[in-house]
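Encoded as structure tokens, the structure appears first; notes follow it.
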Number of protein chains: 2
Amino acid sequence: MARPRTPLLSRTRIQEAALALVDRDGLQGLSMRKLAQELGVQAPSLYSHYRTKEELLNDVVDRITADIDVSGFKNGDWRHGLTVWARSYRDALAAHPNMVAFIASGPGRREEALRRADAIHGGLVSAGWPARLATMIGASTRYLVVGAAINSFARGFDADARVYQDRYPNLSQAHRLPELAAEIDNDSFELALRAFIAGLETLYPRQATRAEAESRHA
Amino acid sequence: MARPRTPLLSRTRIQEAALALVDRDGLQGLSMRKLAQELGVQAPSLYSHYRTKEELLNDVVDRITADIDVSGFKNGDWRHGLTVWARSYRDALAAHPNMVAFIASGPGRREEALRRADAIHGGLVSAGWPARLATMIGASTRYLVVGAAINSFARGFDADARVYQDRYPNLSQAHRLPELAAEIDNDSFELALRAFIAGLETLYPRQATRAEAESRHA
DNA sequence: ACCTGAACACCGTTCAAGT
DNA sequence: ACCTGAACACCGTTCAAGT
């Protein structure tokens with residue numbers, strides 16, 4: 001009964017089941033015992049593939065953030081690169097709202113995250129931004145994305161209902177509040193991103209235009 | 001032995017002990033049993049004052065965020081109001097890094113949070129911004145603050161060490177990395193805030209100037 | 001009204017044992 | 001190498017009982 005000819009589990013299978021469980025029942029709803037049951041196995045079996053629950057969750061994070069689009073800097077257009085990155089980053093988080101708190105809080109895995117951070121930094125530098133400013137711009141954009149993801153999806157809509165009702169007193173249908181909240185969240189994120197980029201141009205006209213000029217040559 | 005003449009516990013005493021415990025041992029390190037022990041009492045006693053652990057934590061959050069400065073809008077200067085609010089908000093979170101993940105993830109208590117949200121919104125509107133834009137500006141700023149707090153404080157510095165070392169290869173003393181990380185975090189936050197405000201002026205010159213003109217009259 | 005001891009239904013993780 | 005049953009040291013919370 002123990003040790004079947006082909007392994008019952010694999011890291012991939014465990015990751016997928018864990019993510020599905022978190023999506024369905026929330027981060028709190030994921031326990032090694034429930035996960036094992038979902039996979040038709042006993043809880044200790046999981047420890048043949050992962051040393052801790054946290055190690056597993058970090059792999060799930062890598063899986064979620066694997067598709068973040070960092071390619072927008074290719075032609076040297078930093079505004080486009082930053083916008084594409086930020087939007088795809090936010091979309092990746094939005095697809096798994098129950099994971100956002102964990103993604104945001106932990107130090108995160110280095111394998112993928114570091115590679116992406118380097119891509120952003122490199123894209124900004126090669127577009128004309130000095131190294132230190134490039135680091136700050138990357139960090140600022142991350143603040144925006146993570147903050148937006150947490151405020152949008154991790155928070156319950158019912159909690160925000162009263163806020164929106166105050167703002168739009170003529171909104172009669174309470175069941176449309178989630179829609180409206182999502183719309184305001186999206187508009188706020190886009191405003192923040194556009195204003196931030198426009199502000200960079202105002203505060204650092206030389207770097208911003210140099211970056212623009214170089215993108216024309218490319 | 002049960003039921004002393006003066007109660008051993010109070011909501012205030014429980015809140016303070018809980019916050020001290022989280023500050024010392026992290027959010028994971030707070031359990032009702034450990035908290036009770038710290039207060040010289042048995043765990044079930046806590047449930048005479050709080051119905052759940054979450055209700056207690058929400059009160060702790062209120063205690064932390066009580067000092068956020070919303071008064072900067074008084075003279076109608078929305079840039080000043082926004083800056084003061086954002087900085088004091090971030091400072092409040094920075095004072096209790098182990099609470100940031102919880103503060104960010106839950107819907108939060110309504111009593112305090114709603115009042116502040118209204119103050120910000122009212123301040124922006126009376127400074128000349130239309131209601132919908134005021135809502136978006138408030139949300140965007142919150143994204144920035146929460147995102148910055150999470151990336152700065154909840155993440156371990158050792159995890160970021162490699163990133164900074166790449167950026168500053170001539171940094172020889174590894175023990176100074178925390179300092180440097182804090183400095184970059186702070187600079188990035190200030191950049192994000194300034195660029196956002198400058199961007200608002202570029203994108204909405206009429207509202208921004210109208211708000212400015214009104215602040216002169218006040 | 002406030003605190004206690006005992007208990008319930010859970011956790012993550014370890015470990016010897018099986019194949 | 002991979003899975004199991006049993007166990008350890010924890011959780012949050014409930015509840016009858018005491019004063």
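Quick note on labels: first sequence line is chain A, next is B, and so on, each numbered from 1.
The line from CZ of A/F73 to NE2 of A/H80 is 10.0 Å long, rounded to the nearest 0.5 Å. If you take CH2 on B/W85 and CZ on B/R116, they are separated by 9.0 Å, rounding to the nearest 0.5 Å.
In this structure, B/Y47 atom OH and C/dA7 atom P are separated by 19 Å, rounded to whole Å. Nucleotide D/dG5 holds its P atom 14 Å from the CG atom of A/L46, rounded to whole Å. Rounded to whole angstrom, the span from the CZ atom of B/R51 across to the P atom of D/dT14 amounts to 9 Å. Between the OH atom of A/Y50 and the C1' atom of C/dG12 there is a distance of 17 Å, rounded to whole Å. The nearest whole Å value for the distance from the CD atom in A/E55 to the P atom in C/dT13 is 10 Å.
Near DNA chain C, defined here as any heavy-atom distance below 4.0 Å, there are no residues from residues 12-29 of chain B. Taken residue by residue, residues 35-45 of chain B places heavy atoms nearer than 4.0 Å to DNA chain C at B/V41, B/Q42, B/P44, B/S45.
There is no side-chain donor-acceptor pair under 3.5 Å between A/S10 and A/H49. Residues A/Y50 and A/D59 bring a donor and an acceptor atom of their side chains to less than 3.5 Å of each other. Counting only N and O atoms by type, the side chains of A/N186 and A/R90 include a donor and acceptor under 3.5 Å apart. Side chains of A/D185 and B/Y143: a donor-acceptor N/O pair is present below 3.5 angstrom, by distance only.
Considering only residues two or more places apart in sequence or on other chains, A/A86 meets the side chain to side chain contact (heavy atoms under 4.5 Å, CB included) condition with A/T141, A/V145, A/F189, A/L193. Taking B/S48 as the reference, nothing meets the side-chain hydrogen bond (donor to acceptor under 3.5 Å, both in side chains) condition, with sequence neighbours excluded.
Counting only distance, with no hydrogens or angles, the side chain of A/S188 and the backbone of A/I184 share a donor-acceptor pair below 3.5 Å. Under a 3.5 Å cut-off, the side chain of B/K53 and the backbone N or O of B/S31 do not form any donor-acceptor pair. For the pair B/N98 (side chain) and B/V22 (backbone), a donor-acceptor distance under 3.5 Å is present.
Counting only Watson-Crick or G-U wobble pairs whose defining distances are both under 3.5 Å, the stems of 3 or more consecutive pairs in DNA chain D are C:4-8 with D:12-16, C:12-16 with D:4-8.
Salt bridge status for B/E38 with B/R24: present, with a side-chain N to carboxylate O gap under 4.0 Å.
Checked against B/S45 for a side-chain contact (heavy atoms from CB on, under 4.5 Å), the options B/L8, B/L9, B/L39 give a single hit: B/L9.
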Collect all protein-nucleotide pairs involving nucleotides 9-11 of chain D in which both atoms are nitrogen or oxygen and the distance is under 3.5 Å.
from, atom 1, to, atom 2, distance (Å)
D/dC11, OP1, B/S31, OG, 3.3
D/dC11, N4, B/R33, NH2, 3.4

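At the phosphate of C/dC3, OP1 or OP2 sits under 4.0 Å from a side-chain N or O atom of B/H49.
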